[in-house]
Structure formats: C-alpha cells, structure tokens
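Below is one structure, written out as structure tokens; the observations come after it.
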Amino acid sequence: MANTNDYNSFLSNLETPYKVGLSLSGGGAKGIAHVGVIQAMEELGIKPQVISGVSAGAIVAALYADGKTPKEICQFFKDTRFFKFVNLVVPKKGFMSSERFQHMLESTMTAKTFEELSLPIIVNATELVEGKCQYFHSGVLVDRVVASASVPIFLTPKELDGKLYVDGGIFNNMPAKVIRKHCDLLVGVHVNPIVTEGDITGVLDVAERVYHLSIQSSTVAEKRACDIVLEPIKARNYGIFNISKTDELFNIGYKCAMEQLPKFLEERAAQLEAAK
C-alpha cells in the first residue's frame, strides 16, 4: 500500500516518460463523460498510457486499464443502475452499502490487482480517521477503487487493513500532480463544476450540494498541473446518480474533447516546431 510520500518512487521505477497521461475527476454519474473523452482521444491518436483517477474517475480508469472499450464501459454503467446495486442500511456510517456494486465490478474486471492491468493507474481515497489522502497503485484492485468512490453520507466507508476510507475527492478531486512529471502531455478532465442554478428541495439535494462545495478547492492546483483541462460544462446539469443518462453524458464528454483537443494539439505542434 502506498502513501502520499512514496508514489513518486513507484512511478520513477516505471518506463518513463509516458507520452500521454490522463487525470479523471470524481463526479458520480457525470464521470461517464470521461468515457466520451477517452473515445475522442483514441480517435485523435492520443491514447492515454498512464491514468490517475478518483471516485467515478477511478472506476473509469480501472475499467479502461483492464482492457474494456469505451462502449463496454458505457454498457457497464447502464447495467449498474445505482440504486439497484447498492443496499439500504441502517444509517450508522452511510445510507447505503456498496457491497453489491463491488461484486458486480469484480465480476466485470479481468484483473484482480493493479499489477495485472494493461495500463498503470493510481487512484486516491480519503483515510477517514486520520483525515489524509491515500494513493493506491498496487495490490487488490476493486477494494481500492470502491474505497475511492465511497461518497460520504451516501455510502458506507470502505474498510481496508483495519482503516476506513471514503471518497478521495474530499482532498483531491482531480489527481493530476501525481503523474505530472511522468507525462509529456497531461490531459485533465473535470466533470464536476459547481452549479449555481437549480432547486435544493430535499435532504439528498442538501447532502449533494455540501459535498460538491467541499471538494472544489482541491482542484485548483491540480488543474494548473495539466497541459489542458477539459471541463464538459453541460455535465453540470446532471446529478451524481443520473446513471440512466449514460448516452447523454458520454456524448457531452465526447463533443467537449472533439471541440477542444484538435485545436490544442495543433497549437502544441506549432509551439514545438517554432522551438526547433
């Protein structure tokens, strides 16, 4: 298990630099927009070679690094209706248990450990008792991905090695700096912009709003570490549990990437040519 101080040594031992790195933010169902971005990147010939992700981004990163195509990842989300694959529990530490979701993710994944993935990934979670960010890059895979995606209040914390973990977005909702110096090009995708409009009418609305507000400040420095940040603005109109809108969210991410990446790549190529 890695901590915030030793991930650099892990990456230093890999074959670097990577040509393309990808950092995927949290955002619940809005994370499906990540899949559209990956589809666009593949079509543009800039397939990611190392990925960092948190929460929904960690799920997408794990599935993609496991060899799943963007189409297959979308189908996974369609099959995984959130409230169908979590269990309501007596609210001691969270309203719902992710045990059934974990079983479905395990049955979908070919790799059982990080080491078995076709691409290196790093995911982060929040250690709840000591209140610190924890990065994972080795060992049992799904347990750590579920820990990264355990949104506090909504889901019960995930226990690993006697410690409780919740969503890594609390401290770092777009883990870009963790792979920055190991990539020639780092693309960040942030799908969780603050929504200023909309009604707050129930307890879930309040909890979701508080969660979004609490994680925003962590993304500022991480965005600066990227060469380009894609922020599919239209995704902000969807709640974190709108899994039924999979196709719409995929298209939002795809269109955003196709609108911004070609222009960025042209500008980057011109800069490199001028520097010769």
Side-chain angles (χ1 to χ4, degrees), residues 23-35 52-63 76-77 80-105 123-136 142-160 163-175 189-195 198 200 202-219 222 235-246 249:
S23 177
L24 303 177
S25 76
K30 288 178 280 193
I32 297 167
H34 291 318
V35 189
S52 57
V54 61
S55 198
I59 296 171
V60 173
L63 288 167
F76 170 82
F77 281 108
T80 312
R81 302 289 180 176
F82 184 81
F83 287 107
K84 178 181 177 182
F85 284 97
V86 296
N87 297 324
L88 290 174
V89 296
V90 177
K92 295 179 180 179
K93 297 176 181 176
F95 286 110
M96 293 166 281
S97 168
S98 58
E99 184 176 350
R100 290 176 64 195
F101 172 78
Q102 175 161 340
H103 290 329
M104 184 172 185
L105 187 57
V123 304
N124 60 294
T126 298
E127 200 284 305
L128 189 58
V129 175
E130 296 183 21
K132 63 182 182 181
C133 188
Q134 180 83 48
Y135 292 89
F136 298 109
V142 173
D143 281 352
R144 287 153 176 76
V145 171
V146 171
S148 177
S150 294
V151 181
I153 307 301
F154 294 108
L155 295 176
T156 55
K158 180 66 179 175
E159 183 173 346
L160 298 173
K163 295 184 178 181
L164 295 178
Y165 292 91
V166 294
D167 195 317
I170 293 173
F171 286 118
N172 189 350
N173 198 44
M174 198 183 80
V189 188
H190 182 245
V191 298
N192 209 27
I194 280 290
V195 181
I200 299 176
V203 64
L204 289 180
D205 293 329
V206 172
E208 183 175 349
R209 181 67 176 177
V210 170
Y211 170 69
H212 288 326
L213 290 173
S214 70
I215 65 177
Q216 287 305 307
S217 62
S218 69
T219 64
E222 302 295 330
R236 69 184 181 182
N237 298 321
Y238 296 79
I240 63 175
F241 299 129
N242 282 159
I243 299 297
S244 62
K245 305 297 183 181
T246 295
L249 286 160

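Just so we're clear, the structure is a prediction, and the values are computed from it rather than from any experiment.
S52 places a side-chain N or O within 3.5 Å of a backbone atom of P175 that can act as its donor or acceptor partner. Checking side-chain atoms of S148 against main-chain N and O of A125 turns up no donor-acceptor pair under 3.5 Å. With N124 contributing its side chain and G168 its backbone, the two residues share a donor-acceptor pair below 3.5 Å.
For the pair V142 and L105, the tightest heavy-atom approach, listed with the atom from each and the gap, is CG1-CD2, 3.8 Å. Nearest approach of N172 to C133, heavy atoms of both residues: CB-SG, 4.4 Å. Heavy-atom minimum distance, V54 versus G169: CG2-N, 3.3 Å. Closest non-hydrogen pair, S55 versus V151, comes out as OG-CG2, 4.5 Å. Of all the heavy atoms in F171 and G131, the pair that sits closest is CZ-O, 3.2 Å. Residues H34 and G57 share a closest heavy-atom pair of CD2-CA, 3.9 Å.
Going from atom CD of E127 over to atom CD1 of I170 covers 11.0 Å, rounded to the nearest 0.5 Å. Note that CG of N192 is 4.0 Å distant from NZ of K30, once rounded to the nearest 0.5 Å. Separation of atoms OG (S23) and CE (M174) is listed at 4.5 Å; rounding is to 0.5 Å.
In this structure the side chain of V129 never reaches within 4.5 angstrom of the side chain of K163, judged on heavy atoms. Put simply, the side chain of I59 reaches to within 4.5 Å of the side chain of F101, judged on heavy atoms.
At a cut-off of 3.5 Å, with distance as the only test, no side-chain donor of N173 or E222 sits close to an acceptor on the other residue.
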For this session: Walk me through it: do Y238 and I32 pass the test side chain to side chain contact (heavy atoms under 4.5 Å, CB included)?
Result: CA-CA 11 Å; Y238 296 79; I32 297 167; over 6 Å; no
